Asker: 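Encoded as structure tokens, here's the structure I'll be asking about.
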2 protein chains.
Amino acid sequence: MASVAQQRLAARKTPRQARSAATWDAILEATIQVLLATGPGRLTTTRVAERAGVSVGTLYQYFPNKQALLHAVTERYLGIVAATVEQACQEQIGAPIGQMAGALVEAYWQAKVVRCDVTRALYSVAAVVDTADLAEAFSKRVERATAAMFASAPDARFADLEIVNLTLLTSLFGAVRSLFDRGLPKRWACGVQQQLIFMSRAYLEAVRIPSQAADDPRPRLSAA
Amino acid sequence: MASVAQQRLAARKTPRQARSAATWDAILEATIQVLLATGPGRLTTTRVAERAGVSVGTLYQYFPNKQALLHAVTERYLGIVAATVEQACQEQIGAPIGQMAGALVEAYWQAKVVRCDVTRALYSVAAVVDTADLAEAFSKRVERATAAMFASAPDARFADLEIVNLTLLTSLFGAVRSLFDRGLPKRWACGVQQQLIFMSRAYLEAVRIPSQAADDPRPRLSAA
DNA sequence: ACCTGAACACCGTTCAAGT
DNA sequence: ACCTGAACACCGTTCAAGT
């Protein structure tokens, strides 16, 4: 492993008292602020502490190091996105796959776009600190939700749902990330989101084993 | 822009003499070595200089700062990958789109996998330093090549080739990146590559406007 | 022309002292 | 219990001196 020795990344202590919890929140919030204001390269523990209205020492009472701080911010953010996608999947249980694909892409896209500055800031954090474990946990969580959703589709079965699911999500996550990295050209973004839905549908169509419930054998997908 | 003020990222001087060029190469090579050995977090200009067998001062004669150093390494690497994909596209001019899609995915995948440790190392660099310009130039270069390729397909036309091309490449680049970030589980990797080909074909199939040359109106794609 | 490496500034992290 | 901030160590970068 080329990775740095894994240090404690968990929070140093769980806030037990009210002012403690407030400080915790203030620090995480300040981290986002500084990230947005100065970028990850100039993010300094001193600056974060300043912005949060505490001293550096206090910051280090809550987070063992800068990594842990950024780790915690990412964890909180990914938790919100995962919950959003999970809910969307829940709502699509039993729906036709075409609709599921649309709902999935839209939910994920939406969750990323609502706070698109934060999204970008946290993408840029992802390589400064090792958030692989968080990304993995996030992927696993979403995979579970989408697999359950797809398995409930009345109009399709798959020879190997696991790999189809993995391919679909990997492409979706990756595509969205690429677009953010590229500054998300406004006039393309919306079109690409639509195209990603077409793409997901076309893929699921192509690899599905048609089941009895399907009335229309190969529904035509509308083009751009 | 949250990004740090763009400093000079170009090399400080172009090597004009033989020993100069050798030093330049040695430094870039050493950078990769250190990156692989210690990870981007522990990459130190002093360490790179040491490994290259020169002093820190010399390193700074060639690269104005650490960013520029990592920028140069990335530039060189992306140039190689772009050239590989360009060549593959060139070879597919006039072929059926299904075959083009397969060749594209395979060429890109292959180029990333041959030196997969380097690929991973440079992905991790991408956020520490701002290589957005390089990624953009790379994307543009590949987009041109694939657009020319797809435009030459005898069996398909597209209502909006530009956005289809963008969606396809964005998904491909992103998916591969996600897999690398996730440690590229050996037993999935190969299967996913195959699935990405299915996916690309299914998408192009779905959004294409069938032309006369197409004999089989909607060829069945094999499933997993 | 090209190289060297001690010196300086900045930032992550600690810890003795405060409330 | 929780907070403070001066002090220390490490690393990016410079520059006066060498070949």
Side-chain angles (χ1 to χ4, degrees), chain A residues 4-28 30-31 34-35 37-73 125 128-130, chain B residues 4-28 30-31 34-35 37-73 125 128-130:
Chain A
V4 225
Q6 285 281 351
Q7 302 171 316
R8 292 156 303 156
L9 288 177
R12 187 165 261 172
K13 66 175 171 190
T14 320
R16 305 205 166 281
Q17 304 198 355
R19 65 173 162 163
S20 202
T23 306
W24 169 279
D25 278 340
I27 293 172
L28 283 193
T31 306
V34 175
L35 225 36
T38 72
R42 277 162 127 80
L43 182 137
T44 285
T45 48
T46 311
R47 258 192 271 268
V48 171
E50 235 166 50
R51 176 112 207 177
V54 297
S55 78
V56 232
T58 300
L59 189 153
Y60 278 90
Q61 244 181 300
Y62 289 86
F63 305 94
N65 48 48
K66 187 175 160 182
Q67 264 212 27
L69 174 65
L70 294 172
H71 193 88
V73 174
V125 155
V128 183
V129 306
D130 193 359
Chain B
V4 223
Q6 286 280 354
Q7 302 172 315
R8 291 156 304 158
L9 288 178
R12 187 165 263 172
K13 67 175 170 190
T14 320
R16 304 207 165 279
Q17 304 199 352
R19 65 174 164 165
S20 201
T23 306
W24 168 280
D25 277 341
I27 292 172
L28 282 193
T31 306
V34 174
L35 223 38
T38 72
R42 276 161 125 82
L43 182 136
T44 285
T45 47
T46 312
R47 258 193 271 270
V48 170
E50 236 166 49
R51 176 111 205 177
V54 297
S55 78
V56 233
T58 300
L59 189 153
Y60 277 90
Q61 245 181 297
Y62 288 87
F63 305 94
N65 49 46
K66 187 174 160 181
Q67 265 213 27
L69 174 65
L70 295 171
H71 194 88
V73 174
V125 155
V128 183
V129 305
D130 194 359

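If you're wondering where the values come from, they're calculated on a predicted model, not measured in any experiment.
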Asker: A:R42 side chain N/O closer than 4.0 Å to the phosphate oxygens (OP1, OP2) of C:dC11?
Answerer: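 No, because none of the side-chain N or O atoms of A:R42 sits under 4.0 Å from OP1 or OP2 of C:dC11.
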Asker: May I ask which nucleotide in the shown strands pairs with D:dA16, Watson-Crick or G-U wobble, both distances under 3.5 Å?
Answerer: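 Across all strands, the one nucleotide that pairs with D:dA16 is C:dT4.
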Asker: Okay, side chain of A:K66, backbone of A:V129: is any donor-acceptor separation there less than 3.5 Å?
Answerer: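 No, A:K66 side chain to A:V129 backbone: no donor-acceptor pair under 3.5 Å.
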Asker: With a 4.0 Å cutoff (strictly under), does any side-chain N or O of B:T58 reach OP1 or OP2 of C:dT4?
Answerer: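 So the side-chain polar atoms of B:T58 do come within 4.0 Å of the phosphate oxygens OP1 or OP2 of C:dT4, strictly under.
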Asker: Nearest-Å distance, CD1 (B:I27) to P (C:dC2)?
Answerer: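 Result: 12 Å.
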Asker: Just N and O in the side chain of A:Y62: are any of them under 4.0 Å from OP1 or OP2 of D:dC2?
Answerer: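 For A:Y62, the contact criterion (side-chain N or O under 4.0 Å from OP1 or OP2 of D:dC2) is not met.
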Asker: Would you tell me if any nitrogen or oxygen in the side chain of B:Y60 comes within less than 4.0 Å of OP1 or OP2 on C:dC3?
Answerer: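 No, no such contact exists.
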Asker: Using atom NZ of A:K66 as one end and atom P of C:dC10 as the other, report the distance to the nearest whole Å.
Answerer: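 For the pair A:K66 NZ and C:dC10 P, the rounded distance is 16 Å.
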Asker: May I ask you to say what A:L43 touches in the nucleic acid, namely base, sugar-phosphate or nothing, with a heavy-atom cut-off under 4.0 Å?
Answerer: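 It contacts sugar-phosphate atoms only.
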Asker: Given D:dG12, D:dT4, D:dC3, which nucleotide is nearest the side-chain atoms of A:V54?
Answerer: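 Of the options given, the side chain of A:V54 lies nearest D:dT4.
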Asker: How many Å lie between CD on A:E50 and P on D:dG5, as a whole number?
Answerer: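 To the nearest whole Å, that distance equals 11 Å.
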Asker: Starting at CG of B:L70 and ending at P of D:dT13, how long is that distance when rounded to a whole Å?
Answerer: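 Distance check: B:L70 CG to D:dT13 P gives 10 Å.
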Asker: At 4.0 Å (heavy atoms only), tell me whether B:T45 reaches a base, stays on the sugar-phosphate, or touches nothing.
Answerer: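 Base: the residue B:T45, judged by heavy atoms under 4.0 Å, touches a nucleobase.
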Asker: OP1, OP2 of C:dC2 versus side-chain N and O of B:T23: anything below 4.0 Å?
Answerer: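 Answer no for this pair, as no side-chain N or O of B:T23 is under 4.0 Å from OP1 or OP2.
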Asker: Please give the nucleotide sitting opposite C:dA9 as a Watson-Crick or G-U wobble pair, both distances under 3.5 Å, or none.
Answerer: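 The base-pairing partner of C:dA9, which may sit in any strand shown, does not exist here.
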Asker: Compare the minimum distances between each of C:dC11, C:dT4, C:dT13 and the side chain of A:N65, then state the nucleotide with the smallest one.
Answerer: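 Looking only at heavy atoms from C-beta outward on A:N65, the closest nucleotide is C:dT13.
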